[in-house]
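Working notes, beginning with the structure itself.
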Amino acid sequence: RMPVYLNVYDLSPINGYMYWVGLGMFHSGIEVHGVEYSFGAHDFSSSGVFEVIPRSCPGYTFRKAMVLGSTELSAGDVRELIERMSIAYTGDSYHLILRNCNHFTNEVSLRLTGCAIPGWVNRLANIGMCSFGSCIMCYRLRV
């Protein structure tokens with residue numbers, strides 16, 4: 001069994017204050033078998049999934065790593081899973097509120113460990129879904 005980590009990064013220095021009240025703007029990646037996988041935006045219909053050296057994603061400040069559980073998948077099986085998922089996670093499908101890096105890491109975590117990422121990591125996006133007169137329930141009913 002191989003541990004699966006969620007690596008969380010700060011997107012803004014204001015997280016130093018917001019974190020303590022359960023809010024913040026975070027980037028996240030899943031680390032397993034010594035590789036960190038994440039998802040980001042670009043203007044093309046090719047994959048937005050990328051890999052980096054764990055806990056060193058460029059452009060972000062590393063905050064913390066958390067063990068989410070473990071997986072019995074080999075490194076090759078994990079890479080195959082990520083490659084299959086990357087077809088759906090194209091750079092031009094990225095959306096700050098509806099489909100961001102934290103949505104990706106949550107789906108990877110569920111597939112590898114059966115556990116979701118902690119709610120606070122993507123709380124600000126979830127709050128965004130409730131703004132402008134819509135709500136999470138209404139959003140889910142429309143989909």
Side-chain angles (χ1 to χ4, degrees), residues 2-132 134-140 142-143:
M2 185 61 65
V4 176
Y5 299 92
L6 178 70
N7 293 333
V8 179
Y9 299 82
D10 288 331
L11 291 177
S12 169
I14 197 145
N15 280 5
Y17 304 101
M18 293 173 59
Y19 176 78
W20 299 109
V21 295
L23 293 174
M25 295 176 287
F26 301 105
H27 171 77
S28 65
I30 291 286
E31 177 186 345
V32 62
H33 292 289
V35 179
E36 182 175 323
Y37 301 96
S38 193
F39 170 60
H42 58 70
D43 293 332
F44 308 102
S45 60
S46 58
S47 177
V49 175
F50 60 94
E51 61 182 64
V52 296
I53 295 169
R55 304 171 191 181
S56 64
C57 193
Y60 306 108
T61 303
F62 178 74
R63 172 170 284 279
K64 69 188 299 182
M66 295 170 273
V67 176
L68 295 172
S70 60
T71 185
E72 293 184 9
L73 294 180
S74 68
D77 291 338
V78 170
R79 182 170 295 280
E80 185 178 314
L81 169 68
I82 298 296
E83 287 176 5
R84 283 194 316 267
M85 290 179 64
S86 72
I87 294 167
Y89 281 89
T90 59
D92 61 354
S93 72
Y94 184 96
H95 188 282
L96 190 60
I97 294 174
L98 301 175
R99 188 178 181 82
N100 62 39
C101 58
N102 303 316
H103 293 104
F104 172 78
T105 56
N106 189 60
E107 186 175 342
V108 174
S109 180
L110 287 168
R111 291 182 183 212
L112 292 178
T113 70
C115 298
I117 66 172
W120 61 265
V121 175
N122 209 25
R123 183 167 291 138
L124 209 53
N126 291 335
I127 289 170
M129 284 200 303
C130 290
S131 64
F132 305 111
S134 66
C135 65
I136 293 171
M137 178 69 98
C138 298
Y139 169 76
R140 288 189 176 158
R142 285 187 298 230
V143 173

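Positions are given from 1, in the same order as the sequence printed here.
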Could you name each residue pair satisfying side chain to side chain donor-acceptor pair (under 3.5 Å) that touches residues 17-26, not counting sequence neighbours?
Tyr19-Lys64
Do His27 side-chain atoms and Gly40 backbone N/O form a donor-acceptor pair below 3.5 Å?
no
Is any side-chain heavy atom of Leu112 closer than 4.5 Å to a side-chain heavy atom of Val32?
yes
Under 3.5 Å, side chain of Ser109 to main-chain N/O of Cys115, donor-acceptor pair present?
yes
Heavy atoms of Tyr5 and Leu68 approach each other most closely as C-CD1, 4.3 Å
Just jot down the salt bridge (charged side-chain N to carboxylate O under 4.0 Å, His left out) partners of Glu36, sequence neighbours excluded, or say none.
none
May I ask you to test the Ser86-Tyr37 pair for a side-chain heavy-atom distance under 4.5 Å?
no
Are any side-chain N or O atoms of Asn7 and backbone N or O atoms of Ala65, one a donor and one an acceptor, separated by less than 3.5 Å?
no
Side chains of Asn122 and Cys101: does their closest heavy-atom pair fall under 4.5 Å?
no
Restricting to non-hydrogen atoms, name the atom on Ile14 and the atom on Met25 that form the minimum distance, rounded to 0.1 Å.
CG2-CE, 3.9 Å
Residues, nucleotides or ligands: over 12 heavy atoms within 6.0 Å of Leu110 CG:
yes
Would a distance-only check, ignoring hydrogens and angles, find a side-chain to backbone donor-acceptor pair under 3.5 Å from Asn100 to Leu96?
yes
Looking only at heavy atoms, which two atoms of Ser74 and His33 are closest? And how far apart?
C-NE2, 3.4 Å
Has Tyr9 got a side-chain atom pairing as donor or acceptor with Arg55's backbone, closer than 3.5 angstrom?
yes
Distance from Phe26 atom CZ to Leu11 atom CG, nearest 0.5 Å?
8.5 Å
Once you round to the nearest 0.5 Å, how far does CZ of Arg111 lie from OG1 of Thr71?
12.5 Å
Does any non-hydrogen side-chain atom of Val4 lie less than 4.5 Å from one of Val108?
no
Return yes if some donor-acceptor pair links the side-chain N/O of Ser38 with the main-chain N/O of Ser28 below 3.5 Å, else return no.
yes
What distance do Trp120 atom CH2 and Leu23 atom CG have between them, rounded to the nearest 0.5 Å?
11.5 Å
Can you tell me how far the CG atom of Asp10 sits from the OG1 atom of Thr61, to the nearest 0.5 Å?
6.0 Å
What's the shortest heavy-atom distance between Val52 and Pro58, and which atoms?
CG1-CD, 4.1 Å
Answer yes or no: is there a side-chain heavy-atom contact under 4.5 Å between Met85 and Phe104?
yes
For Thr90, which residues count as a side-chain contact (heavy atoms from CB on, under 4.5 Å) partner, sequence neighbours excluded?
Asp92, Ser93
Supply the atom-to-atom distance Ile117 CD1 to Thr105 OG1, rounded to the nearest 0.5 angstrom.
4.0 Å
Which value, rounded to the nearest 0.5 Å, describes the distance between Asn106 atom CG and Leu6 atom CG?
9.0 Å
Met18 backbone acceptor or donor facing Asn15 side chain under 3.5 Å:
no
Non-hydrogen side-chain atoms of Arg79 and Glu51 separated by less than 4.5 Å
yes
